[in-house]
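Indexing begins at 1, ligand by ligand and atom by atom, following the structure's order. No hydrogens, no waters, no symmetry mates; every other heavy atom, side chains included, goes into these values.
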Amino acid sequence: MKAVDISGIKSLLNQPKNIVIVPHKNPDGDAIGSCLGLYHLLLQLNHHVTIIAPNDYPHFLKWMPANEKILIYETDSKKCEAIIQKAELIFTLDFNALFRTGEMETPLKEAKAIKIMIDHHQQPDDYAKYVYSDVMMSSTAEMVYHFISKLSLNNLITPHIGTCLYAGIMTDTGSFRFPNTNSTTHRIIADLIDKGANNSAIHHNIYDTNSYQRTQLLGRALNNLHVLPELKTAYIVLSQNDLNEFNFKKGDTEGFVNYGLSIEGIVFAAIFIESMQDEIIKISFRSKGSFDVNEFSRAHFGGGGHINAAGGKSELSLSQTVEKFISILPQHKSTLTK
Ligand code: 5GP
Ligand code: MN
């Protein structure tokens with residue numbers, strides 16, 4: 001375990017405490033899975049635990065055990081603020097800077113609680129007293145597993161914990177196929193199955209519960225997929241009208257960006273999604289090999305993430321955003337084509 005004082009955390013967890021667990025805004029499978037996995041562990045240690053997500057998340061993540069206990073800050077902010085103020089410990093999971101919680105940033109900054117970060121994103125901020133940050137990790141859920149091991153609490157891994165951590169690892173590794181997956185990841189997954197995670201049911205719940213309209217929206221996205229072979233780049237553009245036409249629901253575009261990367265010879269893929277509500281263009285970047293999308297997004301699109309997966313945003317119009325993207329690419333030609 002890197003740079004974390006586990007004995008300090010152990011003694012903090014010795015007495016029952018008010019604990020809050022927080023994932024990043026627009027939580028994904030890893031964020032929800034690691035929060036719920038840790039939640040089920042801390043309950044067994046007799047703590048009073050609340051998970052507060054900054055905003056709502058997609059239907060395909062809402063089946064995990066104790067999902068119904070998660071509070072949503074955006075819809076219940078007064079109640080959530082009171083709980084944050086009373087907290088003695090706050091775990092922040094799957095993000096590296098408090099602004100990644102959106103509107104929750106201020107109450108979290110003002111909280112008196114001791115903060116513990118568990119995260120695998122690049123360049124973590126130092127807002128937490130205890131920082132367990134490791135960019136080599138496949139997922140935060142894998143780190144929660146290691147965290148439990150370091151606390152010598154593996155015997156407390158129940159089928160519920162196994163299920164949540166499995167879901168987190170599975171989603172962040174693209175079902176164990178991204179390069180962040182290694183033999184340790186597979187050993188942990190095997191152990192989680194031994195501890196009661198139903199692997200086949202978890203895959204079904206996440207990947208095979210699409211609506212017809214979401215599948216049609218994928219058709220539109222694939223029609224709007226453009227390829228720049230000389231730059232080994234592919235990108236998808238979805239306007240608000242596209243989303244409206246297929247009754248877009250949160251999470252419906254999850255994974256679309258990977259279709260660009262699935263084309264032979266493509267090493268860099270992006271998706272640009274217009275959000276009238278947030279008045280921004282939401283962007284996802286993915287790459288293969290050494291092209292660093294964390295750096296690319298930080299430099300040009302106010303975001304970040306990992307070397308091969310990052311998010312970003314733009315306040316320009318959809319077409320101006322795409323134009324900006326295309327105009328920047330030649331600067332990166334040598335890295336993209338090497
Ligand atoms: P996505 O494209 O799925 O939104 O994000 C890809 C990865 O980058 C995820 O791990 C996500 O948490 C991370 N990410 C997305 N946006 C940002 C950002 O603005 N800053 C940082 N540091 N990471 C981000
Ligand atoms: Mn993650």
query = Who's closest to atom 3 (O) of ligand 1 heavy-atom-wise, of Glu254, Arg286, Arg298?
reply = Arg286

ask   = Of all heavy-atom pairs between Ser175 and His203, which one has the smallest distance, and what is that distance?
value = OG-CE1, 4.0 Å

key: Asp30 backbone or side-chain N/O/S under 2.8 Å from the Mn ion (ligand 2)   = yes

Protein contact to atom 7 (C) of ligand 1 [nearest heavy atom, distance to 0.1 Å] = Ala309 O, 3.6 Å

inquiry  = Ring-plane angle category for Phe296 and Phe301, please: parallel below 30°, perpendicular beyond 60°, tilted otherwise.
reply    = tilted

inquiry  = Students should be able to answer this: which protein heavy-atom is nearest to atom 17 (C) of ligand 1, and at what distance?
reply    = Gly304 O, 3.3 Å

message = Between the Mn ion (ligand 2) and Asp172, which N, O or S atom of the residue is the nearest one?
response = OD2

task = On the 0 to 90° scale, with breaks at 30° and 60°, tag the His332-His300 ring pair as parallel, tilted or perpendicular.
result = perpendicular

remark   = Within 4.0 Å of some non-hydrogen atom of Ala310, the atoms of ligand 1 are 2 (O), 5 (O), 6 (C), 7 (C), 8 (O)

request  = Under 4.0 Å from a heavy atom of Ser284: give me the atoms of ligand 1 that qualify, with their elements.
outcome  = 1 (P), 2 (O), 4 (O)

query = Does Arg100 come within less than 4.0 Å of Asp125, counting only side-chain N to carboxylate O?
reply = no

task = State, to 0.1 Å, how close Ser138 and Glu142 come at their nearest heavy-atom pair, and which atoms those are.
result = OG-OE1, 2.6 Å

query = At their closest point, which heavy atom of Asp172 faces which heavy atom of Ser139, and how far apart are they?
reply = CB-CB, 3.7 Å

inquiry  = Residue-level breakdown please: for Gln123 versus ligand 1, do any non-hydrogen atoms fall below 4.0 Å on the side chain, on the backbone, on both, or on neither?
reply    = neither

query = Going by the atom numbers of ligand 1, which of them fall below 4.0 Å from some non-hydrogen atom of Gly303?
reply = 18 (C), 19 (O), 20 (N)

inquiry  = Judged on heavy-atom distance to atom 13 (C) of ligand 1, which of Arg100, His306, Lys25, His24 sits nearest?
reply    = Arg100

remark   = Row for the Mn ion (ligand 2): angle NE2 (His120) to OD1 (Asp94), 10° precision, value 90°

Ring pair (Phe, Tyr, Trp, His ring centres under 6.0 Å) between Tyr127 and Phe99, intermediate numbers included = CA-CA 11 Å; Tyr127 61 82; Phe99 80 87; over 10 Å; no

request  = With heavy atoms of Asn96 as the reference, note each atom of ligand 1 found under 4.0 Å away.
outcome  = 22 (N)

note = of all protein heavy atoms, closest to atom 9 (C) of ligand 1 is His121 NE2, 3.8 Å

remark   = the protein heavy atom lying closest to atom 16 (N) of ligand 1 turns out to be Gly311 CA, 3.4 Å

ask   = Are Pro107 and Tyr73 side-chain neighbours, meaning at least one heavy-atom pair lies under 4.5 Å?
value = yes

message = Assess, by modelled atom type and distance only, whether the side chains of Asn198 and Ser200 contain a donor and an acceptor separated by less than 3.5 Å.
response = no

request  = Compute the minimum heavy-atom distance from Gln122 to ligand 1 and say whether it is under 4.0 Å.
outcome  = no

ask   = Pick from Asp94, Asn96, Asp134: which one makes a side chain to side chain donor-acceptor pair (under 3.5 Å) with His120?
value = Asp94

request  = Classify the contact between Lys282 and ligand 1 as side chain, backbone, both or neither, using a heavy-atom distance cut-off of under 4.0 Å.
outcome  = neither

